[in-house]
Novice: 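Below are the structure tokens for one structure; questions will follow.
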Amino acid sequence: MKAIELVGITKTFGSIHANQDINLDVEKGEILSLLGENGSGKTTLMNMLSGIYFPDAGHIFVDGKEVLIKSPIDAFKNRIGMVHQHFKLVDIFTAADNIILGEKMPPFSIREKSQELRLQAANEISALGENLDEEAKKKAISKINNKRNLKICALPFVKFGKAVAFNYLPRTRAKRLQAIADQYGFDIDLKKKVYEMSVSEKQTVEIIKVLYRGADKLILDEPTAVLTPQEIQKLFAVMRKMRESGKSIIIITHKLNEVMEISDRVAVLRKGKYIGTVKTSETSEKELTEMMVGEKVDLNIARELPIDPQPRLVVEGLTVRNKDGLHAIEDVSFTVNGGEIFGVAGIAGNGQKELLEGIAGLQPVESGSIIFYNPKENKPVTFFHNDLKQIKKKAEMGMFHYPDGTPVDLKGKSAKEITRLVNEEQILYYENEVIDLNKRTPREIQELGIKLSFVPEDRLHMGLVGNMSIIDNMMLRSYRKGKSIFVNRKKPKALADKIIDDLGVVTPSDMTPVRRLSGGNVQKVLVGREISSSPKVLMSAYPVRGLDVNSSYLIYNLLNEQKARNTAVVYVGEDLDVLIALCDRIMVLCGGKVSAIVDARNVTKEQLGLLMTKMPETVERYDYNVAPQQEETKEEEKNND
């Protein structure tokens with residue numbers, strides 16, 4: 001029997017068809033994967049099923065009966081629950097508190113209960129036998145009335161007692177909640193505060209929450225996005241148990257290998273339309289990708305060996321505190337070479353954000369050094385980041401030479417003559433610049449001539465301005481270069497149009513505010529702008545989070561292009577399969593510390609998962625052409641002492 005059936009579902013926003021005549025069904029005791037590119041309508045469709053949106057046309061059938069789902073309450077009444085990608089939990093509450101949050105106390109009316117007691121007493125009186133004499137009958141009636149009156153007088157206290165019991169639901173519901181956890185194999189401490197939990201524990205709370213409300217049809221939105229391989233396998237084991245108990249599960253994910261592992265069938269949407277449903281056992285990742293995109297796609301991530309890798313960014317003993325004053329990263333050291341992709345792995349919240357922002361000058365650094373080796377050897381001096389005074393000072397320091405190799409001496413030369421030499425590229429650097437970026441602002445870093453680009457995790461709050469057009473967002477990097485009070489919009493417009501054409505950004509025009517674009521298109525605009533400056537260091541935090549397969553591979557190709565241009569690329573990712581396939585080396589963070597730096601070509605995702613959750617006794621640090629170094633952790637050093 002079909003647990004859910006959608007017939008002709010259509011949803012429009014203005015002139016845009018988010019969903020158009022969708023026909024989809026889920027069987028009882030089945031796991032159905034829902035696939036589609038960004039903007040294909042997956043989330044909109046599930047939002048209609050969970051009561052967030054209401055369809056413009058079509059019918060929804062639950063357990064064979066047509067239903068109207070106008071709100072999440074209606075969805076719960078039909079035993080449908082959705083676990084969103086971004087958890088909706090109260091940090092200072094326990095797991096049990098969050099699970100029962102929103103549950104209403106059963107109605108208790110003193111007036112209605114009084115009427116019930118009076119009616120009950122009247123029925124008892126009318127049932128008295130006729131054999132009783134008058135005196136006995138009076139005593140029986142008096143006894144019934146007294147009992148009724150006592151119960152009526154006690155009703156306010158009964159109501160108060162029920163309210164007290166309800167307010168202590170975590171205690172009174174503890175057995176029921178624990179029974180749900182035990183039934184499906186959840187490993188969770190129901191008394192634990194949410195702020196003390198790992199990501200997988202928070203997800204467990206969300207799943208138990210919908211099960212507690214009686215849901216037997218679950219929608220999981222990107223449930224494995226920030227889980228380790230071990231946590232993913234635990235989640236899959238739970239999902240299989242739920243399937244065995246007759247529950248129906250719809251899982252939205254972009255990870256095709258997980259789709260093939262866990263689902264029974266796969267439904268594919270493309271541009272708001274239903275393409276088809278196939279049995280997982282009868283399809284392949286390649287076929288699913290072609291159904292999503294509409295054409296053949298190469299799913300191989302190219303990875304060339306780094307050619308003559310030379311240090312570009314050297315970080316030593318870096319310590320950064322988070323906004324709460326706690327150590328987000330502590331004593332972190334690593335080297336990123338030009339022409340390599342340096343991966344950073346770790347469970348979300350283990351210091352990745354603070355690490356990149358500390359290097360970029362967006363977070364204050366407590367201690368440590370950040371050394372940038374600017375490749376300037378035998379390259380001409382320009383006025384782009386140097387004025388006449390700075391060039392004279394550097395010449396006095398012996399930093400320049402002429403094309404024939406003789407040292408540059410600018411004493412006695414006029415400003416006009418020095419300008420001519422610079423414009424004709426006659427003044428060259430002797431060697432690479434060595435610059436300490438510690439305690440420098442992003443503007444100071446830019447003024448030093450350091451081409452450092454940063455793709456932050458938060459696209460629309462740190463990377464771009466949502467209310468500004470694509471052109472205006474291009475100008476954020478260049479408006480200070482203007483020579484008059486008026487900004488030059490020609491170059492930013494040309495750059496915006498180039499990014500739209502080269503990266504396939506779907507937008508009505510280059511004047512469209514970026515907040516109106518889909519997540520994938522927003523990311524393309526941000527990445528396109530950052531790589532347009534030909535950076536020497538490119539740092540990217542979760543650049544493919546929430547992107548479909550096609551858009552993700554486009555980003556991977558862009559990163560590989562930067563690697564080929566000898567750029568030092570730092571890639572913070574959450575998909576371990578991608579980290580292993582894309583990166584040359586991977587640094588693993590655990591609790592804000594480096595647990596290992598490994599060769600991506602000789603590591604498994606299971607090994608990475610263990611390093612993400614537990615600090616090893618010795619820290620391996622892999623570097624090219626150097627034997628792997630073993631470094632004792634502080635705990636081991638203490639034991640040895």
Novice: Tell me which one of Lys202, Lys209, Gln203 satisfies side-chain hydrogen bond (donor to acceptor under 3.5 Å, both in side chains) with Glu206.
Specialist: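 Testing Glu206 for a side-chain hydrogen bond (donor to acceptor under 3.5 Å, both in side chains) against Lys202, Lys209, Gln203 leaves exactly one candidate, Lys209.
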Novice: Could you list the residues that satisfy salt bridge (charged side-chain N to carboxylate O under 4.0 Å, His left out) with Lys247, not counting sequence neighbours?
Specialist: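 Applying salt bridge (charged side-chain N to carboxylate O under 4.0 Å, His left out) to Lys247 gives none.
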Novice: Would you say Leu526 and Met462 make side-chain contact, with heavy atoms under 4.5 Å?
Specialist: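 No, their side chains stay 4.5 Å or more apart.
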Novice: Please identify each residue that fulfils ring pair (Phe, Tyr, Trp, His ring centres under 6.0 Å) with Phe342, with sequence neighbours left out.
Specialist: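 Residues passing ring pair (Phe, Tyr, Trp, His ring centres under 6.0 Å) with Phe342: Phe334.
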Novice: Quick check against the 3.5 Å criterion: does Arg270 have a side-chain atom that pairs as donor or acceptor with the backbone of Ser40?
Specialist: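 Flag not set: sc Arg270 to bb Ser40 has no pair under 3.5 Å.
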Novice: Taking Ser71 for the side chain and Gly51 for the main chain, is one N or O donor matched with an acceptor at less than 3.5 Å?
Specialist: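 No, because the side chain of Ser71 does not come within donor-acceptor range (under 3.5 Å) of the backbone of Gly51.
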Novice: Sequence neighbours left out, what passes ring pair (Phe, Tyr, Trp, His ring centres under 6.0 Å) with Tyr184? Give chain and number order.
Specialist: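 Per chain and number, Tyr184 pairs via ring pair (Phe, Tyr, Trp, His ring centres under 6.0 Å) with no residue.
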Novice: Give, for atom OH of Tyr571 and atom CG of Asp584, the distance between the pair rounded to the nearest 0.5 Å.
Specialist: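 The OH atom of Tyr571 sits 13.5 Å away from the CG atom of Asp584.
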Novice: Is there a donor-acceptor pair under 3.5 Å between the side chain of Ser248 and the backbone N or O of Glu27?
Specialist: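 Yes, Ser248 side chain to Glu27 backbone: donor-acceptor pair under 3.5 Å.
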Novice: Donor-acceptor pair, distance only, cut-off 3.5 Å: does the side chain of Lys193 make one with the backbone of Ile92?
Specialist: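 Answer holds: yes.
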Novice: Verify, without hydrogens or angle tests, whether Ser109 (side chain) and Glu112 (backbone) share a donor-acceptor contact under 3.5 angstrom.
Specialist: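 Here the side-chain-to-backbone pair exists.
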Novice: Roughly how far, to the nearest 0.5 Å, is the CE atom of Met612 from the CD atom of Glu574?
Specialist: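 Between atom CD of Glu574 and atom CE of Met612 there are 9.5 Å.
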Novice: Examine distances only and state if a side-chain atom of Asn98 and a backbone atom of Val90 form a donor-acceptor pair shorter than 3.5 Å.
Specialist: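 Indeed, once roles are kept as given, a pair shorter than 3.5 Å links the two residues.
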Novice: Measure the acute angle between the ring planes of Tyr553 and Tyr556, then classify it against the limits of 30° and 60° as parallel, tilted or perpendicular.
Specialist: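 Tyr553 and Tyr556: perpendicular rings.
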Novice: Compute whether any side-chain donor of one residue and acceptor of the other, for Glu261 and Gln233, lie under 3.5 angstrom apart.
Specialist: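 Note: Glu261 and Gln233 side chains meet the donor-acceptor criterion.
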Novice: Should we say atom CZ of Phe108 is surrounded by more than 12 heavy atoms from elsewhere, each under 6.0 Å from it?
Specialist: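 Yes, CZ of Phe108 has more than 12 neighbouring heavy atoms, counting only those of other groups under 6.0 Å.
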Novice: Enumerate, atom names and distances included, each donor-acceptor pair closer than 3.5 Å involving a side-chain atom of residues 41-49, sequence neighbours excluded.
Specialist:
unit_1	atom_1	unit_2	atom_2	d
Lys42	NZ	Gly36	O	3.0
Lys42	NZ	Glu37	O	3.3
Asn47	ND2	Thr43	O	3.3

Novice: Residues in salt bridge (charged side-chain N to carboxylate O under 4.0 Å, His left out) with Asp74, at least two apart?
Specialist: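 Testing Asp74 for salt bridge (charged side-chain N to carboxylate O under 4.0 Å, His left out), a comparison that skips the adjacent residues, returns none.
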Novice: Sequence neighbours excluded, which residues qualify as side-chain hydrogen bond (donor to acceptor under 3.5 Å, both in side chains) partners of Thr12?
Specialist: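 Listed in chain order: Asp56.
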